[in-house]
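Structure first, commentary second.
Order of listing sets the numbers, starting from 1, for every ligand and every atom in it. These numbers were taken from a predicted model, which means no experiment stands behind them.
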Amino acid sequence: MKPEKIREDFPIFDERPELAYLDNAATSQKPESVIDAVENFYRENNSNIGRGLYELANDATQAYKDARSKVAGFINADSDEVIFVRNTTEAENLLASSLDFEGGIVLSKMAHHSEQLPWRRKADEEDKNIEYLGTENGKISIKSAKDKIDEDTGLVAISHISNVFGAENPVEEIIEIAHDNDALVVLDAAQSAPHRPLDVKDIDADFVAFSGHKMLGPSGTGVLYGKKELLQDMRPYQVGGGMINSVEHDEVKYADAPERFEAGTPNVAGAVGLAAAVEYLEDIGMENVSAHSKKLAEKMIGGLEEIEGIDVISPEGANLVSFTCEYAHPHDVAEVLNQHGVAVRAGHHCAQPQMVELDVNGATRASPYIYNTEEDVEKFLESVREASEIFNAT
Ligand code: PMP
């Protein structure tokens, strides 16, 4: 992989050549091909989809269908198992309000709020029990999965890669434990779909959620994958146009998945842009994407460990690095980095319960992606060194 070459495909770096953008876990930048795909859709193919009887409407409908099959192929799903949503948050909310199941809910302490709150609300409303899986060295503890998942569990919601730690959780083992207890599994793949090959058949989660905007796609795009037989039994999340077979005064027949869960006019241009993003990533190869992020994160972790007052939270093998500075609030560290053109995230990363568990008031997080270079890493480490010196002295 040649990140310097890849960088040339991203117009934002023409505008801001000095920018070391290391906030990719929040959202990624967009290559020319994605921007073009969205723009060309509006220039050449724009129409509402699904019901037009003219050529332009058919072309728009076909573009949306093609986008769905491209994204389905990316995760080895069938097209009708891929529901387009706005983001991971919407995917989790859709599921929590549409899925009926018996038994309690198992979440993890490291869960992002958007993976946690929809299920906590469901538990409140339906009087379901909630258990939490613990964290061990930046990963969900298998021991706690064995302890907490049992025949009373109805659903387990876990993240593939945490946005705080950046390490891959042992999800295959947890999914097996859940299935042995007849529990359903929802996998939050917001941080894994952009960074590693994702094969839903192989991994065998019942539902998988991820966001397009974190993997080069446009904002307002995301995916909920669900096993066909489960989607068919689910109540639609929203009702309205585009999701019915027939409506009579006394009866409504809903369409099958995925249309059943996509009421109203969808984000057609966004889906087309997401398909272009998938194509870009496939051209690079997800194994290469994964190796690159991990290599840069490893360098950052190694460098940070040598700086006085810095505590690294992410474990070895992570694809991002979260850290704290003994002498300063994470926001202050991020501000020093900002002054050097290094963009990182600081705060609780929408995982407040995990921050309480770590006994920190937040963390600074640097998350690399395909266009980040060794030079970005150097710049990052240099600015953290400076931050540590400034705050150590004050
Ligand atoms: N889960 C994880 C692990 C995340 O990192 C994020 C985004 N930070 C989300 C869920 C929510 O994603 P979105 O804001 O795109 O809905």
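Using a 30° and 60° split on the angle between ring planes, H113 and H348 fall in the tilted class, from 30° to 60°.
Here S211 has side-chain heavy atoms under 4.0 Å from ligand 1, and that is the only part of it that gets that close. Here E115 has no heavy atoms under 4.0 Å from ligand 1, in either its backbone or its side chain.
Proximity to T89 (heavy-atom distance under 4.0 Å) selects the following atoms of ligand 1: 11 (C), 13 (P), 14 (O), 16 (O). When each atom of ligand 1 is checked for a heavy atom of S114 under 4.0 Å away, the hits are 9 (C), 10 (C), 11 (C).
With hydrogens and angles left out, the side-chain atoms of Y280 and E32 include no donor and acceptor closer than 3.5 Å. Counted by atom type alone, N58 and Q62 present zero donor-acceptor pairs between their side chains at under 3.5 Å.
When E92, Q191, H213 are ranked by how near their heavy atoms come to atom 5 (O) of ligand 1, first place goes to Q191. The option with the heavy atom closest to atom 4 (C) of ligand 1, from among H112, R345, R86, is H112. Looking at H160, H349, K214 and measuring to atom 8 (N) of ligand 1, the nearest heavy atom belongs to K214.
The side-chain tip of K5 does not point at the ring of Y371 from less than 6.0 angstrom away and within 45° of straight on.
Protein heavy atom in closest approach to atom 3 (C) of ligand 1: D188 OD2, 3.5 Å.
A salt bridge links K295 with E374: the closest approach of a Lys/Arg side-chain nitrogen to an acidic carboxylate oxygen falls below 4.0 angstrom. Contact check on R68 versus E262 returns a salt bridge, with a Lys/Arg side-chain nitrogen under 4.0 Å from an Asp/Glu carboxylate oxygen.
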